[in-house]
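Take a look at the structure below.
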Amino acid sequence: MSTEKNTPSSPSLNFIEEIIEADLAAGKYQNIVTRFPPEPNGYLHIGHAKSICLNFGLAQKYKGYTNLRYDDTNPVTEETEYVDSILADVQWLGFQPANIYYASDYFEQLYDWALKLVKAGKAYVDFSSPEQIAEMKGTPTEAGKDSPYRNTSVEENLALLERMRAGEFKDGQCTLRAKIDMAAPNMHMRDPIMYRIKHAHHHRTGDKWCIYPMYDWAHGQCDSIENITHSICTLEFIPHRELYDWYIDSLDIYPSHQYEFARLNLSYTVMSKRKLLQLVNEQFVSGWDDPRMPTISGMRRRGYTPESLRDFAQRIGIAKRENMIELSLLEFCIREDLNKIALRRFAVLDPLKVVITNYPEGQTEWLESENNPENPETGTRKLPFGRELFIEQEDFMENPPPKYFRLHPGGMVRLKSAYIIRCDNVEKDADGNITAVHCTYFPESRSGQDTSGLKVQGVIHWLAAEHAKTATVRLYDRLFTVEDPAAEEDFKQCLNPESLRVIENALIEPALAEVSAGDRFQFTRLGYFCVDPDSTAEKPVFNRTVTLKDSWAKVSKKA
RNA sequence: UGGUCCAUGGUGUAACGGUAGCACAGCAGAUUUUGGUUCUGUUUGUCAGGGUUCGAAUCCUUGUGGACCAACCA
């Protein structure tokens, strides 16, 4: 009588893992085989990442393997650009497909099987128009009607199918349909189309074929050919399962099984390829890899790490319930990872000049500052300090509210890794705008050897004017202003006009002068930033991945 | 108005007939040379009504609510 459940060593399983463990325990399989089956008609997004982590993760956990299979059954929407990006994204996420296959690899086999169904009297060629087929299909509440071509003889159907393949018919002139049940409550069972005619160039098979299999006529058999044990897809395919099984049964081939889980929905973004394509085509974003996009390539460019995405996929779980994940969870995952690995650097985005009136003119001191307090092994770097400095506009207020710990007239702050300063007075232009603040510093308060005995509440970052370099900084924010843009009449009406703010002349410390694309840093007190490929030797470009949590913003907003 | 799937704090996700737990978010506090991190504490939940049972989030049933299904898309 042991109570093994709920021990920390046996974390709970999701429903697919339960199915797999039951299958394994029953000896149904020795090992499992899964597949990730994207259609190469767009870039992968964070929802695909959930599926990738699920499929590859399951295979790793249960000692099986995962195939990448491009579901390329529709030549008019599919392109090699997408094929390439998909593999790159899967690998970047940290997974290696056991095999890379294409549904189009199996076109000949599929055709043979179609012949088999025709011979068995289970498929027929239908010359009805798309409108007529839709008409005869009925509705969810009324049965459909049989097509007049439904009882064509096997011999004639065979000849017709061969002529379809041979290219004797025009696009849309006829289709091959499975003969199932026009009165089935499941619409997908009302004589589904197996082949349609498209005289179109296929990215792999070229002009070899002019008939192309529909999703249902391809997917299950591809799974079967590859001996996929657990074919995992999203909820909207539930009604397809009956047909999936019908084809496999009718063909008497390896019985793969389909299981469905709820797709990811993330707040403040859209997740459909169609909508993402619109954003790209209509140039609301710079491309599929625009850092505001929820695509894997966009998130990579934004600075997300593969680890953070895998962690996110793990945390959101797998279930059958429709869900809307809060963006804050994703942000938590990337902050948690970056906090551990990103080196700290100083940058001033919105500069305000500070003159240390009691610091010698022309003098520069090189001070040490930690690279990452979370990981002392990363050591320190040198920061120049001088008489003229820049701080953030935000870090000074002439008339501060209560609890404002930063610089203000008569107040003191610590310049991080440097000295404590006190603000003595401000310099203004004719319009009354503050152009500089004058401070005195306390030489004995130097960081690491402070004997001043002074206590300050605020610590701010800063840059020596003489040594500051410039950079372009792109501040990204959520792409949409509403939680669920897809639920709106027109999702494009909800685009966030402030989703990107570009700062052309941000100031950065010298240690940031030479960086390469993909490098990630924490700009102290500002957030995490990633070097963009647009960077040049003269001027680096930094993308803000995510801000730091800002509890002062909350406090000051409330006041 | 046919069929299918689903329903646990604000958001996700566990509990497999026996104390409703975890994470994120929120709130409060401690620490802090990042108003970051870390640590501590804490508010909030089983859709509703019947039934089975000593005992129901869990099983049955009826409602209610949501999602999906009528592309020659996947």
Side-chain angles (χ1 to χ4, degrees), chain A residues 5-6 11-14 18 37-39 41 71-74 76-78 126 128-130 133-135 137-144 171-177 184-188 190 193-198 211-212 214-216 218-219 233-242 260 262 267 273-274 315-333 335-336 339-340 344 346 369-370 373-374 403-406 413-418 420 445 447-448 450 456-461 522-527 547-556:
Chain A
K5 64 174 183 176
N6 295 336
S12 61
L13 305 175
N14 65 50
E18 285 181 353
E39 181 187 14
N41 67 346
D71 215 338
D72 56 350
T73 57
N74 187 355
V76 305
T77 56
E78 296 154 5
D126 194 331
S128 305
S129 69
I133 287 182
E135 175 69 30
K137 198 142 207 166
T139 68
T141 53
E142 320 161 60
D171 285 11
Q173 195 175 345
C174 60
T175 57
L176 182 72
R177 291 230 259 168
N186 181 347
M187 299 292 289
H188 294 273
R190 322 246 262 226
I193 291 170
M194 294 164 62
Y195 280 109
R196 73 292 213 185
I197 297 173
K198 281 177 191 280
I211 58 172
Y212 290 94
M214 296 288 290
Y215 166 84
D216 291 297
H219 205 95
C233 61
T234 48
L235 256 27
E236 63 271 27
F237 289 93
I238 288 176
H240 294 252
R241 189 175 60 227
E242 190 179 357
E260 311 87 8
S267 62
K273 273 198 225 171
R274 204 191 101 256
R315 285 170 184 271
I316 59 179
I318 298 295
K320 300 187 76 159
R321 191 184 333 170
E322 295 285 339
N323 60 78
M324 175 69 77
I325 306 291
E326 290 177 348
L327 189 58
S328 59
L329 180 62
L330 218 209
E331 293 184 336
F332 168 83
C333 292
R335 284 191 187 111
E336 187 180 57
N339 179 49
K340 288 181 305 193
R344 298 317 91 140
F346 287 178
S369 188
E370 60 212 346
E374 302 300 313
K403 300 262 186 71
Y404 185 81
F405 299 162
R406 284 113 96 146
V413 289
R414 150 113 24 219
L415 296 175
K416 186 169 168 60
S417 301
I420 291 173
S445 68
S447 197
D450 184 349
V456 294
Q457 288 190 104
V459 179
I460 64 176
H461 61 282
Q522 182 196 100
F523 289 176
T524 299
R525 299 209 307 132
L526 296 177
T547 61
L548 256 27
K549 271 173 71 176
D550 188 353
S551 45
W552 167 244
K554 276 181 204 161
V555 174
S556 59

Note to self: Just to verify, what does A:F237 make a ring-ring contact (aromatic ring centres under 6.0 Å, His included) with, not counting sequence neighbours?
What the structure shows: A:Y215, A:H240
Notebook entry, point to check: Can you name the side chain to side chain donor-acceptor pair (under 3.5 Å) partners of A:E142, sequence neighbours left out?
Noted result: A:T139
Check: Looking at residues at least two apart in the chain, or sitting in another chain, which of them share a salt bridge (Lys or Arg N to Asp or Glu O under 4.0 Å) with A:E336?
Finding: A:R315
Next item on the list: Can you check each nucleotide of nucleotides 64-74 of chain B against protein heavy atoms at under 4.0 Å and return B for base, S for sugar-phosphate only, - for none, in 5' to 3' order?
Entry: ---S-SB-BSB
Next item on the list: Give the rounded distance in Å between these two atoms: CG of A:N323 and P of B:C24.
Entry: 18 Å
Check: In dot-bracket notation, what is the pairing pattern of RNA chain B, taking Watson-Crick (N1-N3 plus N6-O4 or O6-N4) and G-U wobble (N1-O2 and O6-N3) contacts under 3.5 Å, with [ ] crossing and | for other strands?
Finding: .((((((..((((....[..)))).(((((.......)))))....(((((..]....))))))))))).....
Check: Is B:A20 in the syn range, within 90° of 0, or in the anti range?
Finding: anti
Check: What interatomic distance, in whole Å, is found between C1' of B:C59 and the corresponding atom of B:G9?
Finding: 25 Å
Margin query: What is the distance, to the nearest angstrom, from the CZ atom on A:R315 to the C1' atom on B:A14?
Written below: 15 Å
Notebook entry, point to check: Any side-chain N or O of A:K320 under 4.0 Å from OP1/OP2 of B:A7?
Noted result: no
Item checked: Rounded C1' spacing from B:A56 to B:C69 in Å -> 33 Å
Margin query: My understanding is that only residues two or more places apart in sequence, or in another chain, count here; which of them pass side chain to side chain donor-acceptor pair (under 3.5 Å) with A:E242?
Written below: A:N186
Next item on the list: Apply salt bridge (Lys or Arg N to Asp or Glu O under 4.0 Å) to A:D171 and list each qualifying residue two or more places apart in sequence or on a separate chain.
Entry: none
Checklist line | Reading 5' to 3' through nucleotides 29-47 of chain B, protein heavy-atom contacts under 4.0 Å coded B for base, S for sugar-phosphate only, - for none | finding: ----BBBBS----------
Next item on the list: Go through the structure and list residues passing salt bridge (Lys or Arg N to Asp or Glu O under 4.0 Å) with A:D126, not counting sequence neighbours.
Entry: A:R177
Item checked: Listed partners of A:E78 passing side chain to side chain donor-acceptor pair (under 3.5 Å), at least two apart -> none
Next item on the list: Report the residues that fulfil side chain to side chain donor-acceptor pair (under 3.5 Å) with A:R196, sequence neighbours left out, ordered by chain and then residue number.
Entry: none
Check: Taking only residues two or more places apart in sequence or in another chain, which ones pass side chain to side chain contact (heavy atoms under 4.5 Å, CB included) with A:V555?
Finding: A:W552
Check: A:C233 and side chain to side chain contact (heavy atoms under 4.5 Å, CB included): which partner among A:E260, A:R241, A:H219?
Finding: A:E260
